[in-house]
Each structure stands twice: as structure tokens, then as C-alpha cells.
There are 2 protein chains.
Amino acid sequence: MGNSRKAVMGRPRGFDIDQALERAMRVFWARGYEGASLAELTGAMGITKTSMYAAFGNKEQLFRKALQRYGAGPAAYATCALEEPTARAVALAFLRGAVRTTTPPEGPSGCLTVQGALAAGDESQAVHDLLVDWRNDAGVRLEERFRRAVDEGDLPRDADPRRLARFVMTMGFGIAVQAANGLGPAELDEIVDTAMLGWPA
Amino acid sequence: MGNSRKAVMGRPRGFDIDQALERAMRVFWARGYEGASLAELTGAMGITKTSMYAAFGNKEQLFRKALQRYGAGPAAYATCALEEPTARAVALAFLRGAVRTTTPPEGPSGCLTVQGALAAGDESQAVHDLLVDWRNDAGVRLEERFRRAVDEGDLPRDADPRRLARFVMTMGFGIAVQAANGLGPAELDEIVDTAMLGWPA
DNA sequence: TCACTTAGGTACCGAACGGTGCAGAACGCT
DNA sequence: AGCGTTCTGCACCGTTCGGTACCTAAGTGA
């Protein structure tokens with residue numbers, strides 16, 4: 001023991017683990033957690049089930065990794081938007097980002113965190129709960145940003161940060177469903193404009 | 001032939017078909033189409049698989065009947081709202097109805113038509129498409145109602161009925177997701193109030 | 001009573017599900 | 001070369017999936 005050698009031992013992995021995860025993410029995105037079978041996942045990843053289990057553990061952990069990648073990639077807009085200078089700009093950037101991500105020129109429509117496991121059987125309860133937390137966290141971060149905006153005088157003093165955050169999140173979820181329904185980015189951007197009409201001065 | 005006798009022949013059905021359908025609807029509502037297994041469905045319906053197949057055909061047709069019942073029952077608000085006198089009242093009634101239906105005091109949270117099959121495997125493509133049509137139809141009916149409102153001078157002449165209808169539908173979908181996320185009717189009603197702030201005079 | 005019709009229960013079907021055991025293949029190290 | 005280690009491919013595990021064959025139960029009509 002005590003040997004901290006990091007040299008790679010044994011047979012090297014025969015596939016690009018990052019690319020495989022990216023492809024798995026897209027399958028989960030399109031099919032949801034339960035709708036994505038191991039056969040389809042590994043087929044898209046270009047590896048066998050054995051390799052997948054060796055590299056990721058099991059289906060649920062593969063999903064968790066894919067969700068992590070989704071948050072850092074396609075859904076990064078949710079975090080980036082928080083850096084906008086005003087609350088209005090934050091909300092607008094958040095919703096425009098949601099539109100862009102849910103209607104990619106190629107790839108699945110909608111939002112992984114919404115269609116992943118809105119409703120599911122017993123066995124995927126853990127994944128369902130994970131996604132509930134994920135969505136709620138996004139709302140909390142938005143709420144904190146709006147609270148700061150009130151403190152900074154950027155939002156009127158009587159504005160309710162939690163309420164505004166929930167409103168924006170609701171629009172975001174609705175956009176995800178509309179995107180899955182077939183609406184394109186232009187139509188969704190119009191909806192965003194309509195939603196912003198009532199934004200506090 | 002020609003015998004139009006309606007007398008019931010053979011062994012009478014041993015269960016209330018209406019009640020069984022109601023219970024199946026609730027299981028689909030909570031679990032989604034794929035997440036609801038025949039075992040859970042028939043268990044909740046209080047009948048065996050054989051009886052279910054004899055009475056409803058198969059799982060997909062059971063879902064179609066359940067969806068029909070959902071539209072006539074819990075989701076009747078979507079049609080009733082159209083009868084309100086003004087466009088604003090229609091939108092408000094629609095969204096309040098969505099809040100009430102997606103947060104029942106007992107029974108599953110969320111909306112059957114949203115969590116039914118947002119994302120799914122190949123085999124339930126037909127159900128997925130059915131729900132896409134269902135949701136789009138609701139939007140079209142709302143759009144027609146708002147178009148009438150413009151004609152009647154109830155909405156400003158430069159208002160875009162389609163855009164408004166899509167906005168309201170988006171809010172409705174978002175509310176369904178928020179309800180599934182655990183938000184209660186009071187919080188959702190606040191969100192509705194916020195959404196209505198930008199409604200055209 | 002007896003044929004006819006329909007519903008219910010059991011036991012089963014083939015397929016697909018997520019997940020593994022195992023033998024060999026491919027590497028670094030000595 | 002030989003060893004330890006890790007990855008891969010095949011075959012297979014038990015379970016659950018939606019769906020059905022078949023026999024019996026329970027009614028009507030004659």
C-alpha cells in the first residue's frame with residue numbers, strides 16, 4: 001500500500017468515455033429515463049452492456065452522469081443567466097436560453113430534466129426525486145438572484161422574488177413542453193416576449 | 001339478423017366498468033402511460049387482466065378511454081373556460097382550472113396529458129402522438145376563442161390571438177410541471193396572478 | 001333441462017427488461 | 001516471458017412486460 005502510482009494499468013479503454021456519455025445523454029433526453037433501454041443506450045454509445053457497466057456502474061448512475069453533463073452543457077444557460085446585470089435581463093436570458101436549448105437544430109426537442117421522469121414507475125422513484133430536486137434548485141438560485149435585485153434597487157421594493165422566480169421557472173417548464181410539442185424557436189421567442197410584458201418596471 | 005333485442009345475454013359483468021376506468025385513469029395520471037404496468041392498473045381496477053382485455057381491448061385502448069374520461073372530467077375546465085365573457089376571464093378561468101386540476105386534495109398531482117408520455121420508447125409512439133394532438137387541440141380552441149374576442153373588440157385590434165393562446169397554454173403546461181414538483185394551489189395561483197399582469201388591456 | 005352467450009380465473013406465452021459470470025484480449029511492470 | 005490488472009464480447013441470469021388459450025361460472029331464451 002501507499003503506492004500512489006497513477007499509471008494506467010491493464011487493457012486501455014477502447015472507446016471515448018466522454019463521447020459515449022454525450023450520446024447516452026441524448027438518448028435519455030429523447031426517451032426519458034425509463035423509455036431509454038440499455039439496448040438503445042449502448043447501441044448509441046457504440047459499446048456493449050458490459051463496457052457500460054464497467055465504466056458507469058449501472059443505468060441509474062449513467063443517468064446521473066448524463067444529467068451532470070446536461071447541466072454543464074445544454075443547460076448551462078440557467079446558471080449563466082444569473083450573471084446578467086438586471087433582474088429583467090436575467091429572466092430574459094433564462095427564457096431565451098430555455099428556448100434555444102429545447103429546440104436544437106439537431107437532436108431531441110424539449111428538456112432532459114422535464115421529460116426525464118415526470119411520471120414513472122416505482123423503480124425509478126430515485127431518478128424522479130433527483131429531477132424534482134434539480135428543477136427546484138434552479139428555481140431557488142433564480143429566487144436568490146431576484147432577492148439580490150430587490151436589495152440593489154433593481155427591482156421595486158414590493159416585488160416578490162420567490163414569486164417572480166417561480167413564474168420564470170413555470171414559463172421555462174412550459175416552453176419545454178411546447179418544444180416537445182413541436183413549436184420552433186421563433187414561436188417560442190414570441191411567447192417569451194408575451195410573458196415579459198408583465199415584468200415589474 | 002334484424003333482431004335489435006338489447007337484452008343482456010350471458011354472464012353479467014362482475015364489476016363497475018365506469019369505476020374501473022376511473023381508477024385506471026388515476027394510475028395513468030400518476031405513472032404515465034409506460035410507467036403504469038398492467039399489474040398495477042388491474043390491481044387498482046380490482047379486476048384481472050383477462051377482464052380488462054375483454055372490457056377495453058388492450059392497454060393502449062384503455063389509455064385512450066381514460067384520456068377521454070380525463071377530458072370530460074378533471075380537464076373539463078379547458079372547455080368550460082371558453083364560455084367566459086371576456087378573453088381575460090377565459091385565460092384566468094383556464095389557468096385557475098389548471099391549478100385546481102393539477103393539485104387535487106387527493107389523487108395524483110400534475111396533468112395526465114403532460115406526464116402521460118412526454119418522452120417515451122418506440123412502442124408508445126402512438127400514445128405520445130395522441131397526447132401531442134390533444135395538447136395542440138386545446139391551444140387551437142383557445143386561439144379561436146381569442147380571435148373571436150378580437151372581432152368583438154374585447155381584445156385590442158393589434159392583439160395576436162395565436163400568440164396569446166400559446167402563452168396561456170405554456171403557462172398551463174408549466175403549472176402542470178410545477179404541480180408535479182410539489183407546489184400547492186396557493187403558490188400556483190400566485191404564479192397565475194403574475195402571469196396575468198401583462199395581459200392586454 | 002339444455003343450448004347459447006358472455007365474464008372471470010389460472011396458467012401460460014414469447015419478448016424485452018436490467019444486470020452478470022466468465023473466458024480471453026490488451027496493456028504496464030518486472 | 002510471465003504476471004497482475006483492466007477492458008471486452010458472448011452467453012446467460014431471473015424478472016417483468018403486454019397479451020392470450022382454455023376452462024369454468026353465471027346469466028338468458030326456448
Side-chain angles (χ1 to χ4, degrees), chain A residues 1-21 24 27-28 31-66 117 120-128, chain B residues 1-21 24 27-28 31-66 117 120-128:
Chain A
M1 68 172 167
N3 188 342
S4 63
R5 192 84 63 94
K6 297 210 66 173
V8 281
M9 293 275 290
R11 176 172 172 176
R13 183 174 284 125
F15 61 96
D16 183 335
I17 196 169
D18 241 47
Q19 175 183 326
L21 184 55
V27 173
F28 279 130
R31 301 291 198 180
Y33 177 69
E34 286 189 318
S37 71
L38 278 197
E40 189 176 2
L41 284 165
T42 53
M45 296 164 88
I47 61 178
T48 63
K49 276 190 283 187
T50 318
S51 298
M52 193 285 273
Y53 273 89
F56 297 99
N58 59 20
K59 185 184 178 182
E60 181 177 331
Q61 290 183 10
L62 175 62
F63 182 82
R64 297 182 114 94
K65 293 258 173 60
D122 280 326
E123 299 142 15
S124 31
Q125 186 72 33
V127 170
H128 173 267
Chain B
M1 67 170 170
N3 188 345
S4 61
R5 192 83 64 93
K6 299 211 65 176
V8 280
M9 292 277 289
R11 177 174 171 174
R13 182 173 284 127
F15 62 96
D16 183 334
I17 196 168
D18 241 46
Q19 174 183 326
L21 184 55
V27 175
F28 280 130
R31 301 291 198 181
Y33 177 69
E34 286 188 319
S37 71
L38 277 195
E40 189 175 4
L41 283 164
T42 54
M45 296 164 87
I47 61 178
T48 62
K49 277 191 282 188
T50 318
S51 299
M52 194 285 275
Y53 275 88
F56 298 98
N58 60 20
K59 186 184 178 185
E60 181 177 330
Q61 290 184 10
L62 175 62
F63 181 82
R64 297 183 112 95
K65 292 259 173 61
D122 280 327
E123 299 141 14
S124 33
Q125 186 70 34
V127 169
H128 173 267

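Numbered from 1 within each chain, the chains take letters A, B, ... in sequence-line order.
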Give me the atom names and distance for the closest heavy-atom approach of B/Ala126 to B/Glu60. CB-OE2, 3.7 Å
Spacing of CG belonging to B/Leu41 relative to CZ belonging to B/Phe56, to within rounding of 0.5 Å: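 Here the rounded value is 10.5 Å.
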Taking atom CD1 of B/Ile47 and atom OH of B/Tyr53, what is their separation to the nearest 0.5 Å? 11.0 Å
Of all the choices, C/dG8, D/dT8, C/dT6, which nucleotide is nearest to the side chain of A/Ala54 once you look at every atom? D/dT8
B/Arg13 has its side chain closest, among C/dG18, D/dT6, C/dA7, to C/dA7
Specify the separation, in whole Å, of atom [atom1] of [X] and atom [atom2] of [N].
{"X": "B/Ile17", "N": "C/dG8", "atom1": "CD1", "atom2": "C1'", "answer": "14 Å"}
{"X": "A/Asp122", "N": "D/dT16", "atom1": "CG", "atom2": "C1'", "answer": "13 Å"}
{"X": "B/Glu123", "N": "D/dC17", "atom1": "CD", "atom2": "P", "answer": "13 Å"}
{"X": "A/Phe15", "N": "D/dG9", "atom1": "CZ", "atom2": "P", "answer": "10 Å"}
{"X": "A/Glu40", "N": "C/dA15", "atom1": "CD", "atom2": "P", "answer": "20 Å"}
{"X": "A/Phe63", "N": "C/dG19", "atom1": "CZ", "atom2": "C1'", "answer": "19 Å"}
{"X": "A/Arg11", "N": "C/dA26", "atom1": "CZ", "atom2": "P", "answer": "6 Å"}
{"X": "B/Ile47", "N": "C/dT10", "atom1": "CD1", "atom2": "P", "answer": "14 Å"}

Think A/Ser37 has a side-chain N or O under 4.0 angstrom from the OP1 or OP2 of C/dC17?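 Answer yes for this pair, as a side-chain N or O of A/Ser37 is under 4.0 Å from OP1 or OP2.
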Would one find a side-chain N or O of B/Ser51 under 4.0 angstrom from OP1 or OP2 of C/dA7?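 For C/dA7, OP1/OP2 do not have a side-chain N/O of B/Ser51 under 4.0 Å.
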Pairwise N/O distances under 3.5 Å, protein to nucleotides 19-23 of chain D:
unit_1: D/dG19; atom_1: OP2; unit_2: B/Tyr53; atom_2: OH; d: 2.5
unit_1: D/dG19; atom_1: OP2; unit_2: B/Lys59; atom_2: N; d: 3.2
unit_1: D/dG19; atom_1: O5'; unit_2: B/Tyr53; atom_2: OH; d: 2.9
unit_1: D/dG19; atom_1: O6; unit_2: B/Lys49; atom_2: NZ; d: 2.5

In terms of relative ring orientation, are B/Phe28 and B/Tyr33 parallel, tilted or perpendicular, with 30° and 60° separating the classes? parallel
Candidate pair B/Leu62 and B/Lys59, rule side-chain contact (heavy atoms from CB on, under 4.5 Å), full reasoning: CA-CA 5 Å; B/Leu62 175 62; B/Lys59 186 184 178 185; 5.5 Å; no
Does B/Leu21 form a side-chain contact (heavy atoms from CB on, under 4.5 Å) with B/Met45? I'd like the steps, not just the answer. CA-CA 7 Å; B/Leu21 184 55; B/Met45 296 164 87; 5.9 Å; no
Sidechain-backbone polar pair: A/Glu34 side chain, A/Gly121 backbone, donor-acceptor under 3.5 Å: yes
Residue whose nearest DNA chain D nucleotide is more 5′ - B/Pro12 or B/Glu34: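 Closest to the 5' end, via its nearest nucleotide, is B/Glu34.
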The residue, B/Gly14 or B/Gly10, whose nearest nucleotide of DNA chain C is more 5′ is B/Gly10
